[in-house]
Amino acid sequence: IESSSLLLDRVTEALRDAILSGAFAPGERLSVPELARQLNVSRTPAREALIRLEQKGLGRVTPRRGAVVLSAEAGDLEEIFQYREALEGMAARLSTRKISEAGLAELCHEFDLHAAAVHSGDLGEHVAHDRRFHDIIARESGNQRIADELDRVRNQFQLLTRTMSEELFTRMSEEHGAAYERIVQAHGSILDAIERRDGRAAEAAARSHIRGILNFFTKAA
């Protein structure tokens, strides 16, 4: 059972990374036999991984029609951000009461790694460390339902804005990365509030951060 579970985790993670990296386009049909062949696994873990991807907000499984990669419209962006703002704010507030010393040290380290990625203009590392920073806060909130739902929302956001992000990051890098520096500053405000165990300030900083990202995408799109 343990071996089967680990295999399913690996297959799911491989498909998730492929979708978020653009290997599969939004709306593209995902064939179980073809995925099993490409990943060199049987059809069972490939099929079950697609079900997990639907739970993660990256695909849709329809009876007798198979699975397709989630296809979101640009108009969905504001709705996703509104939902994410509420969840991120609550996660930040809860983490001020729940975060462990080890978790806080990990969050500080992730903040430093993300800042270094932004300063060097590395888009891939920026995206990875930005997400990891928020993942740690969600985990340390102590509320698994919030953490799971934020994972879904961030997946959808990353899928929806992937191409847009690449174009905008290039443009902003040419302009000294002002928008991405503001993200680092926003993370710093969230981290400072969590270190001070100030739940109200942490929630306000997290909400302001998410609204700022929406404004950035809205104005630049």
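Reckoned from all heavy atoms, side chains included, excluding hydrogens, waters and symmetry mates.
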Verify the neighbour count for atom NE2 of H119: are there more than 12 heavy atoms of other residues, nucleotides or ligands below 6.0 Å? yes

Indicate, with yes or no, if V68 and I19 share a hydrophobic cluster defined by side-chain heavy-atom contacts under 4.5 Å among Ile, Leu, Val, Met, Phe, Trp and Tyr. no

Does this structure show an ion pair linking D9 with R16, if we count only N-O contacts that are shorter than 4.0 Å? no

Decide yes or no on side chain to side chain contact (heavy atoms under 4.5 Å, CB included) for V184 and F111, but give the supporting numbers first. CA-CA 8 Å; V184 173; F111 172 81; 4.0 Å; yes

Closest heavy-atom pair and its distance - R131, L20: NH1-CD1, 4.3 Å

Could you grab the distance from atom CG of D148 to atom CD of Q55, nearest 0.5 Å is fine? 9.5 Å

Going by heavy atoms in the side chains, are V69 and L58 under 4.5 Å from each other? no

Correct closest heavy-atom pair for A91 and L150 would be CB-CD1, 4.0 Å

Would R211 and E85 count as a salt bridge (Lys or Arg N to Asp or Glu O under 4.0 Å) here? Give the steps. CA-CA 7 Å; R211 286 196 300 272; E85 179 189 331; 2.7 Å; yes

Heavy-atom side-chain proximity of L214 to Q82 below 4.5 angstrom: no

Any chance CZ of R43 has more than 12 other-residue heavy atoms, nucleotides or ligands included, within less than 6.0 Å? no

Spatial distance of atom CG (L113) from atom SG (C108) [nearest 0.5 Å]: 11.5 Å

Between K98 and E140, does any side-chain N to carboxylate O distance fall below 4.0 Å? no

Tell me whether E106 is salt-bridged to R139, with the criterion being a basic N under 4.0 Å from an acidic carboxylate O. yes

Looking at every non-hydrogen atom in both residues, tell me the closest pair between L50 and V61 and how far apart they are. O-CG2, 3.8 Å

Using ring centroids (six-membered ring only for Trp), state whether H114 and H134 fall under 6.0 Å. no

Interatomic distance, OG1@T96 vs CG@L94, rounded to 0.5 Å, equals 7.5 Å

Apply the test side chain to side chain contact (heavy atoms under 4.5 Å, CB included) to residues I183 and H126: give CA-CA distance (whole Å), side-chain angles for both, the deciding distance (0.1 Å), then the verdict. CA-CA 10 Å; I183 292 177; H126 153 66; 4.2 Å; yes

About how many Å separate NZ of K56 and CG of N155, when rounded to the nearest 0.5 Å? 6.5 Å

Tell me whether S208 contacts the main-chain N or O of A204 through its side chain, where contact means a donor paired with an acceptor under 3.5 Å. no

Run the side chain to side chain contact (heavy atoms under 4.5 Å, CB included) test on L104 and L191 for me, step by step, so that the C-alpha distance in whole Å, both residues' side-chain angles and the decisive distance to 0.1 Å come before the verdict. CA-CA 9 Å; L104 185 56; L191 176 59; 4.2 Å; yes

Heavy-atom pair with the smallest gap, counting every atom of P33 and S31: CD-OG, 3.2 Å

Check for me whether the distance between the ring centres of H187 and F133 falls short of 6.0 Å. yes

For S141 and A138, indicate whether the former's side chain and the latter's backbone hold a donor-acceptor pair under 3.5 Å. yes

How close do I194 and S95 get, counting heavy atoms only, and between which atoms? CD1-OG, 3.5 Å

Step by step, would you call R200 with D198 a side chain to side chain contact (heavy atoms under 4.5 Å, CB included)? CA-CA 6 Å; R200 184 174 298 179; D198 188 333; 3.9 Å; yes

Spacing of I146 atom CD1 and I137 atom CD1 [to the nearest 0.5 Å]: 12.5 Å

Is E88 salt-bridged to R154, cutoff N-O under 4.0 Å? yes

Salt bridge R152-E149, side-chain N to carboxylate O under 4.0 Å: yes

To the nearest 0.5 Å, how far apart are CG in L15 and CG in L35? 5.5 Å

Report yes or no: do E34 and Q38 form a side-chain donor-acceptor pair below 3.5 Å? yes

Where is the tightest heavy-atom contact between H209 and A186, given as atom of each residue plus distance? ND1-CB, 3.4 Å

Run the salt-bridge test on E48 and R52 with the 4.0 Å N-O cut-off and return the result as yes or no. no

Is R84 close enough and on-axis enough to F157, meaning under 6.0 Å and within 45°, for cation-pi? yes

